[in-house]
2 protein chains.
Amino acid sequence: MAKQNTVFKDAFNRCVKLLEQTPSLPSEPELGTTLGVSRTTVRAILTRLEEVGLLTWEKRRKIVLRKPEAADYFPTEETDSLSEIIERSFMRRILAGGAEPGMQINELELAREIGIGTTSVREFLIRFSRFGLIEKRPNSHWVLKGFTRDFALELTEVREMFELRSAAAFAHLPEEHPAWQELDTIEAVHHAILADIENRYLDFSELDERFHLLVHRASKNRFVVDFYDVIAIVFHYHYQWNKTNARQRNARALEEHLSYIAALRSRDPARIEKACRQHLKSARETLLQSIN
Amino acid sequence: MAKQNTVFKDAFNRCVKLLEQTPSLPSEPELGTTLGVSRTTVRAILTRLEEVGLLTWEKRRKIVLRKPEAADYFPTEETDSLSEIIERSFMRRILAGGAEPGMQINELELAREIGIGTTSVREFLIRFSRFGLIEKRPNSHWVLKGFTRDFALELTEVREMFELRSAAAFAHLPEEHPAWQELDTIEAVHHAILADIENRYLDFSELDERFHLLVHRASKNRFVVDFYDVIAIVFHYHYQWNKTNARQRNARALEEHLSYIAALRSRDPARIEKACRQHLKSARETLLQSIN
DNA sequence: CTTTTGTCTTTTATCGACAATAGACAGATC
DNA sequence: GATCTGTCTATTGTCGATAAAAGACAAAAG
């Protein structure tokens with residue numbers, strides 16, 4: 001194949017879910033906006049909906065014929081984009097598998113293992129290289145630098161620099177800035193998770209990312225915001241593969257976030273710095289623990 | 001063609017230059033190390049040297065037959081790697097040419113214009129995206145964010161954070177660390193250029209990069225060091241296309257560097273910070289001037 | 001026994017091709 | 001007259017193929 005049709009399949013699935021609620025569908029451009037795809041893809045979706053007997057479609061008349069069933073959806077494995085597949089596969093190798101620092105990375109081997117072309121692997125590695133975990137030797141292989149203690153320390157050093165500055169900038173956002181409202185929402189989710197911590201402690205990972213990204217955005221600096229990608233990916237996979245004491249750790253982090261949020265709202269620089277440092281310190285310790 | 005043989009051509013040229021001085025050549029592995037290429041390429045070079053009548057080559061006997069002439073070298077246009085060509089071409093478009101922020105970037109068009117395949121352009125854009133000047137819309141075009149005032153301010157903000165910290169770390173390098181010796185060398189070059197500033201002021205650009213990179217390396221943080229790439233590329237092209245008052249600006253920067261170097265050598269934190277801030281401030285002003 | 005050379009295999013860099021997806025434009029419909 | 005649909009074109013994402021370059025290994029030379 002020349003190109004995966006994951007955009008189509010993913011949008012199709014989301015459209016079927018939409019179908020469960022409405023008896024008909026809006027116009028093609030509107031549906032395109034809702035699903036975040038082009039009209040070409042919308043039309044492909046409509047064609048298929050008709051084929052599987054979920055819809056009658058004639059120009060503007062789009063009438064739902066029956067309730068969607070589980071079998072109508074594409075399997076979730078088929079809706080992941082190629083780069084997501086490569087990323088997961090690669091991160092598993094270097095975080096979970098016994099991948100030692102200094103190891104060579106072979107494009108061809110990786111491609112064959114995942115069952116894709118070399119171009120995609122190359123592009124992934126180039127994109128991934130900005131995370132500082134791998135390095136290219138021109139005309140030769142990539143070298144795995146590894147998820148080492150040094151890596152974690154360098155990462156957190158920059159993170160702390162950036163986040164302290166962003167947190168300070170947050171206090172100066174005007175009252176009407178949407179970030180304050182998002183902060184309220186995020187705080188509410190914190191309380192909700194804490195209230196049912198036993199069952200929901202795994203929801204923390206996503207919330208953590210949402211909160212810190214909000215803080216980083218206050219810096220209004222693209223390099224600071226972009227750097228948060230590096231932090232996010234590391235913590236994301238770290239949470240995924242290291243679940244010892246997760247409940248306890250997450251509960252503690254949630255409490256720290258709440259103090260941090262309260263400090264931000266007070267707009268008191270000293271208090272903000274204190275709460276921020278406190279949380280960053282325990283985040284660093286958590287990360288370091290998982291390495292040694 | 002599948003691959004440019006620029007590695008061969010460039011190494012060949014460097015080898016011919018080597019030939020001007022010695023009557024014979026060392027072993028294949030040694031020559032490979034000197035030129036920074038593999039033995040395969042070394043043998044290709046030797047083969048061609050023999051073909052053009054510069055060398056007799058039989059096993060270990062490699063005897064130079066005549067002095068190289070200008071015609072023996074490959075033209076310099078042919079020794080630039082593809083990514084260098086793309087980079088220059090692209091930077092000219094966005095810095096020199098009238099490229100407005102928000103403009104779309106078309107891979108195919110770029111490729112045709114430069115006369116290369118789309119894959120190379122794509123890979124270049126992916127690598128280049130970390131400089132924060134362009135942004136990808138998945139399944140669609142790239143957007144030029146442009147070399148704007150905001151860009152320059154965000155860049156220098158991070159630069160100042162990183163460099164102040166690196167400069168402070170420099171003071172703690174042990175006496176025997178090679179950086180101190182490199183600092184001496186760099187200082188000497190400063191004096192040399194200043195002594196003949198009228199003719200050599202354009203040498204500043206390269207020296208500037210060498211000096212600041214040395215400072216950033218003292219941070220021992222890969223993210224800090226990697227970020228210097230962004231600064232370097234921006235200043236590099238900035239120096240290249242904005243030469244108004246260059247002599248005067250560079251002379252001033254050289255003087256600032258000298259104070260900065262003296263401060264580093266004093267290991268006095270307050271003095272280092274002052275000299276560093278002073279220089280960063282005027283570097284920022286220079287950059288901003290060139291934008292508006 | 002260390003280094004060099006001859007030979008061979010593996011890997012990277014780059015290209016062109018093509019399906020998926022985006023997007024443009026004119027005529028049709030409200 | 002604004003929005004929608006039908007149709008067509010342009011661009012992106014991915015693949016396999018191939019020359020350039022790296023690199024492995026054994027035999028030869030010091």
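Below, chains carry the letters A, B, ... as their sequence lines are ordered, and counting in each starts from 1.
- Look at A/S140 and you won't find any side-chain N or O under 4.0 angstrom from OP1 or OP2 of D/dA21.
- Applying the 4.0 Å criterion to OP1 and OP2 of D/dG13, one finds that B/R122 has a side-chain N or O inside that range.
- In terms of polar N and O atoms assigned as donor or acceptor, the side chain of A/T40 comes within less than 3.5 Å of the base of C/dG23 in a complementary pairing.
- Residue B/I45 is classed as having no contact, given no heavy-atom separation below 4.0 Å to the nucleic acid.
- Contact annotation for A/Q4: backbone-only contact, meaning every heavy-atom pair under 4.0 Å involves sugar-phosphate atoms and none involves a base.
- Note on A/N106: a side-chain N or O is less than 4.0 Å away from OP1 or OP2 of C/dT12.
- Side-chain contact annotation: A/Y237 with A/E87, donor-acceptor N/O pair under 3.5 Å present.
- For B/K3 against C/dT12, a side-chain N or O and a base N or O form a donor-acceptor pair under 3.5 Å.
- With hydrogens and angles ignored, no donor-acceptor pair closer than 3.5 Å exists between the side chain of B/K59 and the base of C/dT5.
- A/T41 has no side-chain polar atom (N or O) that falls below the 4.0 Å cut-off from OP1 or OP2 of C/dA20.
- Between A/T118 and C/dT12 there is no side-chain polar atom (N or O) within less than 4.0 angstrom of OP1 or OP2.
- No hydrogens or angles were tested; on distance alone, a donor-acceptor pair under 3.5 Å links the side chain of A/T119 to the base of D/dC15.
- Residues B/G36 and A/R61 each lie close to DNA chain D; by heavy-atom proximity, the contact nearer the 5' end of the strand is made by A/R61.
- Cation-pi geometry between B/R14 and B/Y73 is not met: the NZ or CZ atom fails to fall both under 6.0 Å from the ring centre and inside 45° of the normal.
- Among the atoms of the strands shown, only primed sugar atoms or phosphate atoms (P, OP1, OP2) are found under 4.0 Å from some heavy atom of A/K136.
- Both the sub-6.0 Å distance and the 45° axial angle are satisfied by A/R48 relative to the ring of A/F12.
- At a threshold of 4.0 angstrom between heavy atoms, the contacts of B/K9 with the nucleic acid are absent.
- Cation-pi geometry between A/R130 and A/F227 is not met at under 6.0 angstrom from the ring centre and within 45 degrees of the axis.
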